[in-house]
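Chain naming here is simple, since letters A, B, ... match the order of the sequence lines and numbering starts at 1 in each. We use all heavy atoms of the structure for the numbers below, so side chains are in, but hydrogens, waters and symmetry mates are not.
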Amino acid sequence: MKAFSAIGARVIQTLFVLWAVVTILFFLFRLMPGSPLAAYIDPNFTPEQQDALMARFGLDKPLWQQYFIYLGNLLQGDLGESFFYRTSVADRIFALLPNTLILTFSSLILAYGIGVLAGAYLAWKRGGAVEQIAIPLVLTTRAMPEFWLGMILLAVFSFSLGWFPAGGTRPPGADYPTLWSLYTSADFWRHMTLPVLTLAIYAQGLPLLLMRSNMLDVMKEDFVTMARIKGLSSYSVVIRHAARNALLPVMTSFAIAVGYQIQGNVVVETVFSWPGLGRELVRAVSASDYPLAQGAFLMIAVVVIAMNLVADLLYAVLDPRVTRE
Amino acid sequence: MNSRRPLRLRLPTHDPLALVGLGIYAVFIVVAVLAPVIAPYDPTEILFTPNYDLAADRRPGEDGFLMGTTTMGRDLFSQLVWGSRSALLIGLTAAFMVALIGSIVGVVAGYFGGWVDTILMRLADVAFGIPFLPFVIVLAAFLEPSIWNVVFAMALVLWRDTGRVIRSQTLTLRTRVYVEAARVSGSSDLKIILRHVVPNILPLSFLYGSIAIGWAILTEASISFLGFGDPKSISWGFMLQDAFASQALSKGAYYWFLPPGVLIILIVSAGFFITRGYEQILFPKLDR
């Protein structure tokens, strides 16, 4: 019963954070240069369009009323009209979300695969020459600007060697009727290779270091010592006993990593002209397309907040000793 | 009554990597301070050869330019040297702000508890829900693009990690015998905090501050690369943006976009190495 109330409290807390971020966003976008109307109305809209938007977002009303209209519109999924595309922001955002998610998840799955295996291996070979080289190397990958790594991969594998395309999701002119047919095409995977590699090289450090330090902790525990005393082989002790138990906390960090990665995507998507949420945010901010920028920001924030919740819940489910505070 | 003072800022001689990190920092600081002396040109100056040709896209060594020039005819070596100044400036100010705000929030929340704690920790929850890079982008774009606004935006979000850790440390300190004794003997809260709490959390503030140096430098590089940086200052991120926008990638001008990234890696990983070294001094139990 206690577990349920802990989960309930955590969900309420998440809703609170969501509300707070939405509120911050509302005031942030009214703080920008120019008239307060600029958040929703492009001066190039026709007077009729301007009037319609004024009414829709209550822009002629006092700020507090605008705030409640904004909240109400948000609840109905209304994020306004993009200045540039002249279409609904929500449509645009949901069209781009899959591109960002597929990039994020592919790179993280790759990163966790490599990171977990390498971390377990490093814990097993603790104190050896491999460790002396590997640990500084891993720390170095964490110190790299992700966009710079992307630039290097682009210069080497795309411009110099010509193995991979330089950006986008498909060759110019290629048309795929559905998202599914695009995602299952060989072209798409060729376009995705370099951005995924960039993100994965950066992201593998977290699971690797976590796995290694968890393994080192687990290997000190009684049941591992017991397994050794029973005369099990070193491999069997490490893989069957230590690695399995060390894996759980690493898996919960996956959710946190999704949240971090989706923020970092902003730069990598820009380098590879990847039509995702991050690049859209950058372009919208540069072009003063405020409704679109606000929508993209909100969507990214929602993913971050949701993933923080998932991580906490997973942690509570996997390790029953944990109860909130 | 004298509280323990675990703040020992000695050289981490046991850890060669940390020493390497300190060495890298020392070199960077010297270069940053002496930038006007070391750099042969103004980093934004458009240069010409003696016969009045624009000195554009010179390769390293060509026409006497040590590391080549940009498409606009600016000296890359001078830009790299001046870039170390912005990196250090941003890294240190952001780290200071993050450590300061995080420590104050953590100590106040942990020491006073109750509703103060509740409010501050809910604020930290909110800060954890804000996507960091997008937030800095939006703030840097809406306020005037300047180094200080980037630092300000970072400080607004990044105090959250430091704040939480310092809070939990303060919670354990509050129940220590010497704090109880000070309270019973009538010391004011301020006095107890300054004499008994702060000295004990300073090492943690220092540690989290030094982690923030690397974060700040990487963030500034990303912001400048995306074009939201301070147009008046030459940073390594700005150099990379310039290279990217000037087709340096397709021209294979590695001499242009390789060095700024390598310097960023050097200074950020130096920070990591130092942090790890001091972590072992400050928290010997973590030694692994």
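- Annotation: maximal heavy-atom pairing with chain B below 4.5 Å, among A:A296, A:S286, A:A284, A:A306, occurs at A:S286.
- With chain B as the partner, the residue from A:M151, A:M144, A:R142 showing the most heavy-atom pairs under 4.5 Å is A:M151.
- For the atom pair B:I213 CD1 and B:L88 CG, the distance stands at 8.5 Å (nearest 0.5 Å).
- Within the 4.5 Å cutoff, side-chain heavy atoms of A:T198 are placed close to those of A:F272.
- Separation of atoms CZ (B:R122) and CH2 (B:W115) is listed at 15.0 Å; rounding is to 0.5 Å.
- Using a 4.5 Å cut-off between heavy atoms, B:V20 makes no contact with chain A at all.
- With a threshold of 4.5 angstrom between heavy atoms, A:I24 approaches chain B through side-chain atoms but not through N, CA, C or O.
- Salt bridge status for B:R164 with B:D125: present, with a side-chain N to carboxylate O gap under 4.0 Å.
- Interface remark: A:I135 contributes side-chain atoms only to the contact with chain B (heavy atom separation under 4.5 Å).
- Annotation: the span from A:L74 atom CG to A:L298 atom CG amounts to 6.0 Å, rounded to 0.5 Å.
- The CD atom of B:Q241 sits 12.0 Å away from the OG atom of B:S222 when rounded to the nearest 0.5 Å.
- Heavy atoms closer than 4.5 Å to chain A are found in both the backbone and the side chain of B:F135.
- Of the residues considered (B:F132, B:F228, B:F225), B:F225 shows the highest number of contacts with chain A, using heavy-atom pairs under 4.5 Å.
- The parts of A:A301 that come within reach of chain B are both its backbone and its side chain, each placing non-hydrogen atoms under 4.5 angstrom from that chain.
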Validation: residues 152-163 of chain B side-chain donor-acceptor distances under 3.5 Å, sequence neighbours left out:
from   : atom 1 : to     : atom 2 : distance (Å)
B:W159 : NE1    : B:L156 : O      : 2.8
B:R160 : NH1    : B:A127 : O      : 2.7

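- With a threshold of 4.5 angstrom between heavy atoms, A:L281 approaches chain B through side-chain atoms but not through N, CA, C or O.
- Note on B:F273, B:F128, B:W215, B:W236: by heavy-atom pairs under 4.5 Å with chain A, the leading option is B:F273.
- Interface remark: of the candidates B:L17, B:I130, B:L240, B:L123, B:L240 forms the most heavy-atom pairs closer than 4.5 Å to chain A.
- Of the candidates A:T100, A:T270, A:T104, A:T104 is the only one forming a side-chain hydrogen bond (donor to acceptor under 3.5 Å, both in side chains) with A:N265.
- Among B:S269, B:P134, B:G214, the residue making the largest number of heavy-atom pairs under 4.5 Å with chain A is B:P134.
- Of the atoms belonging to A:V271, heavy atoms from both backbone and side chain fall under 4.5 Å from chain B.
- Of the atoms belonging to A:T141, not a single heavy atom falls under 4.5 Å from chain B.
- Of the listed residues (A:A293, A:G259, A:G264, A:P145), the greatest number of heavy-atom pairs within a distance under 4.5 Å of chain B belongs to A:P145.
- Chain A forms more heavy-atom pairs under 4.5 Å with one residue of B:V262, B:V268, B:I265 than with any other, namely B:I265.
- Both the backbone and the side chain of A:V156 have a heavy atom closer than 4.5 Å to some heavy atom of chain B.
- The CG atom of A:L194 sits 6.0 Å away from atom CG of A:L153, with the distance rounded to the nearest 0.5 Å.
- Of the two parts of B:L258, the backbone and the side chain both hold a non-hydrogen atom closer than 4.5 Å to a non-hydrogen atom of chain A.
- No hydrogens or angles considered: nothing links the side chains of B:R174 and B:T170 as a donor-acceptor pair under 3.5 Å.
- Within the 4.5 angstrom heavy-atom criterion, atoms from both the backbone and the side chain of A:V282 approach chain B.
- The closest side-chain donor-acceptor pair between B:S86 and B:E220, if any, does not fall under 3.5 angstrom.
- Scanning for salt bridge (charged side-chain N to carboxylate O under 4.0 Å, His left out) contacts around A:E146 gives an empty result, with sequence neighbours left out.
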